[in-house]
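Okay, so here's the structure we're looking at.
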Amino acid sequence: MSRLYRIGQIVPSSNTTMETEIPAMLMARQSRFPEDRFTFHSSRMRMKKVVKEELAAMDAESDRCALELSDARVDVLGYACLVAIMAMGVGYHRQSEQRLTQHTQANGADAPVITSAGALVDALHILKAKRIALVAPYMKPLTELVVNYIAEEGFEVLDHIALEIPDNLDVARHNPDHLPEIVQGLNLDNVDVIVLSACVQMPSLSAIATVEAITGKPVVTAAVATTYAMLKALGLAPVVPGAGALLSGAY
């Protein structure tokens with residue numbers, strides 16, 4: 001018997017990637033689990049430039065978005081902006097997830113809330129990573145903030161690349177075909193896991209398998225980690241073909 005799951009996403013107003021990559025992964029999953037069906041629903045927070053001030057103002061709108069999505073009785077909510085959470089201070093993903101879940105509960109629509117920031121941290125633990133390398137599209141100060149946030153969660157970031165793309169729409173336009181070459185600029189000695197996109201807006205899904213094949217290392221992205229966390233929250237097998245080690249079925 002098939003079951004329909006409603007997937008809610010809280011997204012920046014200029015985000016165009018999470019509403020393509022998350023559905024792409026969950027629809028691809030149907031080749032393995034045709035009984036599980038999904039619909040997709042979003043609420044938006046204003047943000048155009050990826051700078052700390054806009055990120056903080058945007059995060060303040062997440063409460064409204066959680067309420068709007070809970071009106072639709074979604075089964076799980078994903079807060080789809082990693083750097084907005086990390087810019088609010090170390091460990092903020094826990095506070096955000098708890099607060100937004102309380103809003104859904106108060107609205108009579110108890111649904112778990114996942115942040116892409118928390119999902120990435122959890123994914124690195126699940127993959128048993130100790131040392132990582134990452135690619136981020138942000139300017140250098142925000143990239144350093146992300147690196148420090150991840151380091152405070154117990155991981156050593158051995159190397160990272162900041163692509164320094166300030167406009168969020170330009171981040172979405174970044175060609176994922178360039179990512180394998182970009183990764184070759186990282187020092188991957190002693191690295192356990194590569195974070196191919198520490199950003200939910202930078203497309204990366206189509207490059208994951210190539211980078212894993214080239215490097216021989218597990219590859220994860222913010223979108224992949226979010227999908228894994230959503231599936232686990234729904235009690236579904238976290239398996240998506242072609243989406244890298246985390247969603248291979250081994251975890």
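No hydrogens, no waters, no symmetry mates; every other heavy atom, side chains included, goes into these values.
- With contacts defined as side-chain heavy-atom distances shorter than 4.5 Å, the pair Arg37/Gln30 qualifies.
- Nearest heavy atom pair, residue Ser197 against residue Met202, reads OG-O, 3.2 Å.
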* **side-chain contact (heavy atoms from CB on, under 4.5 Å) between Met45 and Cys65, intermediate numbers included** => CA-CA 7 Å; Met45 310 170 286; Cys65 293; 3.5 Å; yes
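- Side-chain contact annotation: Glu97 with Thr115, donor-acceptor N/O pair under 3.5 Å present.
- The nearest pair of heavy atoms linking Ile165 to Met139 is N-SD, 4.0 Å.
- Not a single donor-acceptor pair under 3.5 Å links the side chain of Tyr228 to the backbone N or O of Ala223.
- With sequence neighbours left out, Glu153 forms a salt bridge (Lys or Arg N to Asp or Glu O under 4.0 Å) with Arg94.
- Considering only heavy atoms from C-beta on, Asn187 stays 4.5 Å or farther from Leu158 through its side chain.
- Under a 3.5 Å cut-off, the side chain of Lys140 and the backbone N or O of Ala162 do not form any donor-acceptor pair.
- Under a 4.0 Å N-O distance rule, the pair Arg64/Glu68 qualifies as a salt bridge.
- Between the side chain of Asp167 and the backbone N or O of Leu169, at least one donor-acceptor pair lies under 3.5 Å.
- Taking the side chain as every heavy atom from C-beta outward, Ile208 and Val224 approach each other to under 4.5 Å.
- Phe38 is listed as a side-chain neighbour of Leu236, based on a closest heavy-atom distance under 4.5 Å.
- Between Thr39 and His41, the closest side-chain pair of non-hydrogen atoms falls below 4.5 Å.
- The backbone N or O of Ala111 lies less than 3.5 Å from a partner atom in the side chain of Thr104, making a donor-acceptor pair.
- Identified under the side chain to side chain donor-acceptor pair (under 3.5 Å) test for residues 229-251, with sequence neighbours left out: none.
- Looking at heavy atoms from C-beta onward, Ile194 lies out of side-chain contact with Ile132 at the 4.5 angstrom threshold.
- Annotation: side chain of Asp75 is not in contact with side chain of Leu4 (no heavy-atom distance under 4.5 Å).
- For the residue pair Thr101 and His103, no side-chain donor N or O sits within less than 3.5 Å of a side-chain acceptor on the partner.
- Put simply, the residue from Thr143, Leu120, Leu82, Val171 that forms a side-chain contact (heavy atoms from CB on, under 4.5 Å) with Cys199 is Val171.
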* Which is it for Asn15 and Asn168 under the side chain to side chain donor-acceptor pair (under 3.5 Å) test, yes or no, and what are the steps along the way? -> CA-CA 7 Å; Asn15 189 287; Asn168 207 36; 5.9 Å; no
* **Stepwise side-chain contact (heavy atoms from CB on, under 4.5 Å) test for Gln9 and Ser43** => CA-CA 6 Å; Gln9 291 201 76; Ser43 182; over 6 Å; no
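- Side-chain heavy atoms closer than 4.5 Å link hydrophobic residues (I, L, V, M, F, W, Y) into clusters, and following such links, even through other members, never connects Phe33 to Leu26.
- The side chain to side chain donor-acceptor pair (under 3.5 Å) contacts involving residues 79-90 comprise Asp59-Tyr79, where partners must be two or more places apart or lie in separate chains.
- Using a 4.5 Å cut-off on side-chain heavy atoms (C-beta onward), Leu205 and Thr221 make no contact.
- Contacts classified as salt bridge (Lys or Arg N to Asp or Glu O under 4.0 Å) and involving residues 7-35 (residues at least two apart or in different chains) are given here: Glu19-Arg44, Arg29-Asp36.
- Residues Gln201 and His174 bring no donor and acceptor atom of their side chains to less than 3.5 Å of each other.
- Here Asp170 pairs with Arg173 under the salt bridge (Lys or Arg N to Asp or Glu O under 4.0 Å) rule; sequence neighbours left out.
- Between the side chain of Ser70 and the backbone N or O of Ala66, at least one donor-acceptor pair lies under 3.5 Å.
- Without hydrogens or angle criteria, Asp159 side chain to Ala133 main chain gives no donor-acceptor distance under 3.5 Å.
- Applying the side chain to side chain donor-acceptor pair (under 3.5 Å) test to residues at least two apart or on different chains, the pairs with a partner in residues 123-136 are Arg131-Asp192.
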